[in-house]
There are 2 protein chains.
Amino acid sequence: MAKLTIRDIAALAGLSKSTVSLVLNNSPRVDPATRRHVLAVIRRHNYVPSFAATALAKGSTRLIGMIVPGLSWHMIASINLGVAALTERTGFDIILYTATNDRDYGPVIDRILTSSMSSGLLVVTDKQPLDPLVQLHRDGMPVVLVNTLGTQVDLPSVTSDNYEGALAAVGHLLDLGHERIACVQGMMEYRCCQDRYRGYLDALRAAGIQPDPELTKPGEFNPETVRVQSRDLFELPKRQRPTAVFAHSDSTAYAVLKAAADAGLRVPQDVSVIGFDDIESASQINPPLSTIRQPFFDMGRQAADLLLGAIRAADDGEPAQETGEPARLSMPTSLVVRASTGPVPVSNPRRGRPRATAPA
Amino acid sequence: MAKLTIRDIAALAGLSKSTVSLVLNNSPRVDPATRRHVLAVIRRHNYVPSFAATALAKGSTRLIGMIVPGLSWHMIASINLGVAALTERTGFDIILYTATNDRDYGPVIDRILTSSMSSGLLVVTDKQPLDPLVQLHRDGMPVVLVNTLGTQVDLPSVTSDNYEGALAAVGHLLDLGHERIACVQGMMEYRCCQDRYRGYLDALRAAGIQPDPELTKPGEFNPETVRVQSRDLFELPKRQRPTAVFAHSDSTAYAVLKAAADAGLRVPQDVSVIGFDDIESASQINPPLSTIRQPFFDMGRQAADLLLGAIRAADDGEPAQETGEPARLSMPTSLVVRASTGPVPVSNPRRGRPRATAPA
DNA sequence: CTGAAAGCGCTTACAG
DNA sequence: CTGAAAGCGCTTACAG
């Protein structure tokens, strides 16, 4: 069965290609009866216009490129679901570029993306260099970032509100009576981690607690590092030891949990732990992890919405960079309370005197 | 900067479009010097041929469609990575169709895929109906299944060896001295679960142990169900209680772990637990989960390889269904021993008599 | 080894 | 409201 072309349909319908094309494109100036007839023929023969021919004639593919980091992260899947939810009813499809770690962004970007393959670009930021994207955007290509790691850049983007999230996490701990709250940081070169840390600090101060520098530890999103740092935290003398820890990611929280178990500490009886992200397994592990949920699905959907808007604008011939400031959406996070956080332990009566610190 | 076309390059190089096109397509019958010159011009002006025009003229897009279930599963990400590893050096790109739960496969398939948008289809099987795919394949469209759930069908596919995997899992438990080994099943309508169960049964029998029907429980890949079923298992009188459980997925294992904790059982001292899949968090939770690793990355790569081969064959005008039997690859799994499995507990001396079962 | 011409399957002014 | 024609940017026989 050779593929049908518009010419075949035209012949079958006893009309010209033009007319068929007009109904295909929903032109208002075609007789309703004619339209119905053509539609019927199309349906009966299961005709689908050639994608390539349409793209060439119209000068625009209905494809959006999505660049994702080559990591098997939960968030990618959720973001993608959000994007798909929107694109699937606009007739756009997604072409997926996976940025494998050992491959440069740069070449991919100007090779594939200049080939007018995609009408727009959705980029899930990793730590990749963003300059080629900025350039592309300046040249008129619609681009939006889904900014999970939060490098700051002059491009439209959607992030989640990391600062508010941290405020909520620490607030939750404070509500439970904790005062010695540790923070195990992610990669502090990322904007998101800076924001989370700022939230931690501000929440503490707002509660009248002076943050203890000894209680903040670098974790770098590296399980091994986190383990070691947490061990140090848990080996602190009882009165200095934190009763709760705020981890910059769920994965980090997992490592903290393991360190706690190694130290013989029960969660949440001896120490509370809260994460950030709400990855899939967070609710399934033991104990189920309290965390700050990032709205990945919604972030994906919003990003797609922004992008589709920009594409439409571009199609209508609007100049690039029309609006001065690129849109920057920040989506609200939410606190998910599960079993890894609990009331501060009733402090044991002091035994003996507190160990004297050097008296001088 | 308007996009350059092949005509511009031809003018710039002082040659005809034909010649430029020939070098673009690596034709051998073009003068080496000319070729170098054209290439230089192309590079200097950063020219990239229009994707749509090429596709139309050649009659084939260099796009493969990848259909994935709308689930945020670890495996999808890994499979995709494997596919990308292969496609990125063949010049093919991936167009991603996410089968959202509330949307039918059927329409997607014949709408988009007949539009000659993709040269081939890679389908990560969920529980979706496969008939439209079989039809498509019969009509000459290259299709391959990455069969993670394992419905059996008459299409080329790559799976992992679930039977061997189960054998390894139970073998590991047996080696540790366990004899009362429970099995918490997934969805038994799936081929993969049937295979895993068969492996469980056979491993036991090979060791001279008669499987106890009371120790196999339906879990249906539903955490709540698994929890309840596991509780029943753990509430069994001590002598009947399993000392180890083989779960049909890691996620299932998580729920078993939680049930064990609820029952006051320590893992692995009181009960060993092994999963299946090796999802990302399996190594991070507490205790780290012993499991059977499915080679998702390799499965993706193999599937892509199979598909690309089929596409090449189709381009060379081979008739569909040339070879009688569709290729069916089964990839080996591997045992990953972590901390959730350990030696069988030394059986406590019996206290009192065993509870008499109805004597009749 | 290189070029002129037709064609891939659509869309879009332009006539009528 | 409908049709004939040109054009989108390539490729591919066919001449030379």
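Both backbone and side-chain heavy atoms feed into the values below; hydrogens, waters and symmetry mates do not. In what follows, every chain begins at residue 1, and chains take the letters A, B, ... in the order their sequences are listed.
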**Prompt:** What is the per-nucleotide protein-contact pattern of nucleotides 5-12 of chain D, from the 5' end, where B denotes a base atom under 4.0 Å from a protein heavy atom, S denotes such proximity for sugar-phosphate atoms only, and - denotes neither?
**Reply:** B-BBBBBB
**Request:** Report the C-alpha separation of Ile9(B) and Leu15(B) in whole Å, then their side-chain angles, then the decisive distance to 0.1 Å, and conclude whether the side-chain contact (heavy atoms from CB on, under 4.5 Å) test is met.
**Result:** CA-CA 8 Å; Ile9(B) 298 300; Leu15(B) 290 161; over 6 Å; no
**Item:** Secondary-structure string, 5' to 3', Watson-Crick or G-U under 3.5 Å, | for another-strand partners, for DNA chain C
**Value:** |||.||||||||.|||
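- Within the 4.5 Å cutoff, side-chain heavy atoms of Thr98(B) are placed close to those of Leu81(A).
- Listed pair Thr19(B) / dG3(C) meets the phosphate criterion, a side-chain N or O lying under 4.0 Å from OP1 or OP2.
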**Message:** Run Leu307(A) and Ile64(A) through side-chain contact (heavy atoms from CB on, under 4.5 Å) and show every step you take.
**Reply:** CA-CA 9 Å; Leu307(A) 187 64; Ile64(A) 77 181; 3.8 Å; yes
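- Side chain of Thr34(B) to backbone of Val30(B): no donor-acceptor contact under 3.5 angstrom is found.
- When atom types are taken as modelled, the side chain of Asn25(A) and the backbone of Ser21(A) share a donor-acceptor pair closer than 3.5 angstrom.
- Annotation: the span from Leu145(A) atom CG to Leu133(A) atom CG amounts to 6.5 Å, rounded to 0.5 Å.
- The closest donor-acceptor contact from the side chain of Thr159(B) to the backbone of Ser330(B) lies at 3.5 Å or more, if one exists at all.
- Arg62(A) places no side-chain N or O within 3.5 Å of a backbone atom of Phe51(A) that could act as its donor or acceptor partner.
- Atoms CZ (Arg29(B)) and C1' (dA15(D)) sit 12 Å apart, rounded to a whole Å.
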